[in-house]
Amino acid sequence: MELFNTPESLRSACRQWRRQGLSVALVPTMGFLHAGHMSLIDEARKRADKLVISVFVNPTQFGPNEDLDRYPRDLPRDLRLAEEHGADAVFAPEPGAMYAADHATWVEVPELAKGLCGASRPIHFRGVCTVVLKLLNLVQPDVAVFGQKDWQQLAILRRMARDLDLDAQLIGMPIFREEDGLAMSSRNVYLTEDERARVPAIRQGLLKARDAAAAGQRDAGALALMFRAHIADTLPDARIDYASFVHPDSMAPVARLDAPTLLAVAVFIGKVRLIDNILIEV
Ligand code: AMP
């Protein structure tokens, strides 16, 4: 497995593979890899001859008061895991190698980024789109694999890929969870032991809403209230950033569940913001 630190070295290795007729898969990550990332990596491994994993805590997707500086990092461990799971290359650049001091070009999909996470993180998806497009341009992969845990991100990237005629096929993988239902996230290490024990309530709240929809409740407002009540009961110290029903592709708000609808939530517990979602098929 090779480690690349500069865009030029990554680009030239990928170009060589493609010239040899080899297919390439890309899994973009911010590192501190967990089993959720590994499920993406294992899927990508099956889909192409060469597998590139990027490990880059992308500064442009963090707001000024967010956790860029304390975001967990462990590159030696990430390299070991990447190699064990069959990666051919890890791309781990310094921010200065990815962004020129006078970087001035941004990619945005504002229509899909205005709600949910975009409402409380106004520059987040602009940073995500820009860095993912840069990575896709460097690697020129046949496939790129993303997680449905960040459903809005995937919807935005799919729209970007379609609108800008990108060549890569984008694949979305199901949310990988701890045994008690908590969606895996690098940020889960921020949780105290007590918080960690209680946060599976988020998943339970999603399931409660899904079950009520299956039992006939189609009113999104009533279902959202049900989720909120569950969180108020089980995580009284939590603050709900949003609990919203949206169309799974357009991210437009949905008032009645007449078609598959995404319930997406973000919950602050202590200093940690956790996101989760469930696709409700009625
Ligand atoms: P991150 O390192 O958090 O930026 O995540 C990198 C990729 O892994 C993104 O496509 C995420 O959606 C995906 N991912 C993160 N956590 C999970 C999870 N628990 N299950 C599935 N995919 C995940």
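All heavy atoms count here, side chains included; hydrogens, waters and symmetry mates do not. As the structure lists them, so they are numbered: ligands from 1, and atoms in each ligand from 1.
The backbone N or O of L81 sits nowhere less than 3.5 Å from a side-chain atom of E84 that would complete a donor-acceptor pair. At least one donor-acceptor pair closer than 3.5 Å links the side chain of R45 to the backbone N or O of D49.
Surrounding CD of Q20 are more than 12 heavy atoms belonging to other residues, nucleotides or ligands, all under 6.0 Å away.
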Note every protein N or O atom lying under 3.5 Å from an N or O atom of ligand 1, pairing the names and giving the distance.
{"residue": "ligand 1", "atom": "2 (O)", "partner": "M30", "partner atom": "N", "Å": "2.9"}
{"residue": "ligand 1", "atom": "2 (O)", "partner": "H37", "partner atom": "NE2", "Å": "2.8"}
{"residue": "ligand 1", "atom": "5 (O)", "partner": "H37", "partner atom": "NE2", "Å": "3.4"}
{"residue": "ligand 1", "atom": "10 (O)", "partner": "G147", "partner atom": "N", "Å": "2.9"}
{"residue": "ligand 1", "atom": "12 (O)", "partner": "G147", "partner atom": "N", "Å": "3.3"}
{"residue": "ligand 1", "atom": "12 (O)", "partner": "G147", "partner atom": "O", "Å": "3.1"}
{"residue": "ligand 1", "atom": "12 (O)", "partner": "D150", "partner atom": "OD2", "Å": "2.6"}
{"residue": "ligand 1", "atom": "16 (N)", "partner": "M184", "partner atom": "O", "Å": "3.4"}
{"residue": "ligand 1", "atom": "19 (N)", "partner": "F176", "partner atom": "O", "Å": "2.9"}
{"residue": "ligand 1", "atom": "19 (N)", "partner": "M184", "partner atom": "N", "Å": "3.4"}
{"residue": "ligand 1", "atom": "19 (N)", "partner": "M184", "partner atom": "O", "Å": "2.8"}
{"residue": "ligand 1", "atom": "20 (N)", "partner": "F176", "partner atom": "N", "Å": "2.8"}

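No side-chain donor-acceptor contact under 3.5 Å links Y71 and N58.
Counting Ile, Leu, Val, Met, Phe, Trp and Tyr side chains that sit under 4.5 Å apart, directly or through other members, I175 stands alone, with no cluster partners.
R158 forms no cation-pi arrangement with F146, by the criterion of a distance under 6.0 Å to the ring centre and an angle within 45° of the ring axis.
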